[in-house]
2 protein chains.
Amino acid sequence: MEGQLKRGLLDICVLAAIKSKDSYGYKMIKDMKPYIELSESTLYTILKRLENAGMLTVRITEHDGRLRKYYHITEAGLRRIEDFKAEWKEVISIYQYVMKEDCHE
Amino acid sequence: MEGQLKRGLLDICVLAAIKSKDSYGYKMIKDMKPYIELSESTLYTILKRLENAGMLTVRITEHDGRLRKYYHITEAGLRRIEDFKAEWKEVISIYQYVMKEDCHE
DNA sequence: AAATATACCTCGTGATATGATGTATATCAT
DNA sequence: ATGATATACATCATATCACGAGGTATATTT
């Protein structure tokens with residue numbers, strides 16, 4: 001997809017991916033793949049940003065001799081998802097404006 | 001609204017605003033205000049970008065002794081709107097992913 | 001005369017996504 | 001055994017972009 005539109009949804013997708021169950025980067029990419037594709041560099045950038053913003057916490061573990069970092073959503077992260085739902089209504093309103101203009105043809 | 005989400009919609013809104021009828025910057029801002037607010041600096045940046053991308057053409061006029069630049073959508077611009085409609089389906093798919101995860105609570 | 005509306009523009013800044021690249025271990029196929 | 005692929009993390013440079021601040025100029029309203 002064209003990228004621009006996706007941008008605003010990235011943070012929310014990542015938060016959604018860990019909302020009901022802690023997860024780690026590599027797994028998140030695979031889980032989200034059917035819905036939204038993002039590279040590792042993009043995801044780790046986002047995870048770092050969300051961590052700095054207090055939206056999630058990190059727990060380092062070891063699995064089969066490999067490093068694995070589990071991410072856990074915080075209260076602030078949950079609130080961010082709630083805020084998104086409100087913003088989504090505005091997005092729909094904008095979409096309707098575009099469609100309205102589109103139908104004047 | 002949060003900004004990030006709006007980003008991907010800005011170009012499309014501007015194209016939609018001139019789709020059925022040529023318009024000019026100052027008017028577009030007022031027309032779009034109920035749906036999406038954008039500053040003059042933002043709009044003129046976008047108009048310049050869309051012009052460079054061949055999505056619209058410009059016609060300079062004079063009105064009451066004041067400069068006025070009318071923008072006209074091109075074939076490429078119309079195609080951009082069509083592409084957006086396809087992308088929108090992906091956006092909805094992503095939204096549903098977020099909501100799905102949200103309901104596991 | 002002053003304030004507001006109309007109408008355009010540029011520059012600097014901060015935020016951001018992404019490709020390229022790197023590190024390291026485990027597993028699988030030949 | 002060895003080479004490829006999968007797992008799993010990270011950083012850096014770059015390009016794009018929205019936006020506030022500030023600027024220019026004329027017409028209309030108070």
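Just so it is clear: chains get the letters A, B, ... in the order the sequence lines come, proteins before strands, and each one is counted from 1.
- With sequence neighbours excluded, the residues satisfying ring-ring contact (aromatic ring centres under 6.0 Å, His included) with Tyr35(B) are Tyr97(A).
- Without hydrogens or angle criteria, Lys6(A) side chain to Glu37(A) main chain gives a donor-acceptor distance under 3.5 Å.
- Pairs passing the salt bridge (charged side-chain N to carboxylate O under 4.0 Å, His left out) check and including a residue from residues 64-77 of chain A, sequence neighbours excluded, do not occur.
- Between chain B and DNA chain D, the heavy-atom contact criterion of under 4.0 Å yields a 5' to 3' nucleotide range of dC17(D) to dA27(D).
- There is no side-chain donor-acceptor pair under 3.5 Å between Thr42(A) and Thr45(A).
- Rounded to an integer number of Å, the gap from Leu38(A) CG to dT16(C) C1' is 14 Å.
- Heavy-atom nearest nucleotides on DNA chain C were determined for Ile46(A) and for Asp64(A), and the one closer to the 5' end corresponds to Ile46(A).
- Nucleic acid contact for Thr42(B): base, since at least one base atom lies under 4.0 Å from a heavy atom of the residue.
- Between Arg80(A) and Asp11(A) there is no salt bridge, since no side-chain nitrogen of the basic residue lies less than 4.0 Å from a carboxylate oxygen of the acidic one.
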Going 5' to 3' along nucleotides 2-15 of chain C, which nucleotides have protein heavy atoms under 4.0 Å from the base (write B), which only from the sugar-phosphate (write S), and which from neither (write -)? ---SBBBBB-----
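- The aromatic rings of Tyr70(A) and Tyr24(A) sit perpendicular to each other, their planes meeting at more than 60°, with 30° as the lower class boundary.
- Using a cutoff of 4.0 Å between basic side-chain nitrogens and carboxylate oxygens, Arg79(A) and Glu82(A) are not scored as salt-bridged.
- Panel note: side chain Thr74(A), backbone Gly54(A); a donor-acceptor pair is recorded below 3.5 Å.
- Following chains of ILVMFWY side-chain contacts shorter than 4.5 Å, one cannot reach Leu10(B) starting from Tyr26(B), and the two form parts of different hydrophobic clusters.
- A heavy-atom distance below 4.0 Å to DNA chain D is reached by none of the residues of residues 52-61 of chain B.
- Residues passing the side chain to side chain donor-acceptor pair (under 3.5 Å) test with Asp83(A): none are found, sequence neighbours excluded.
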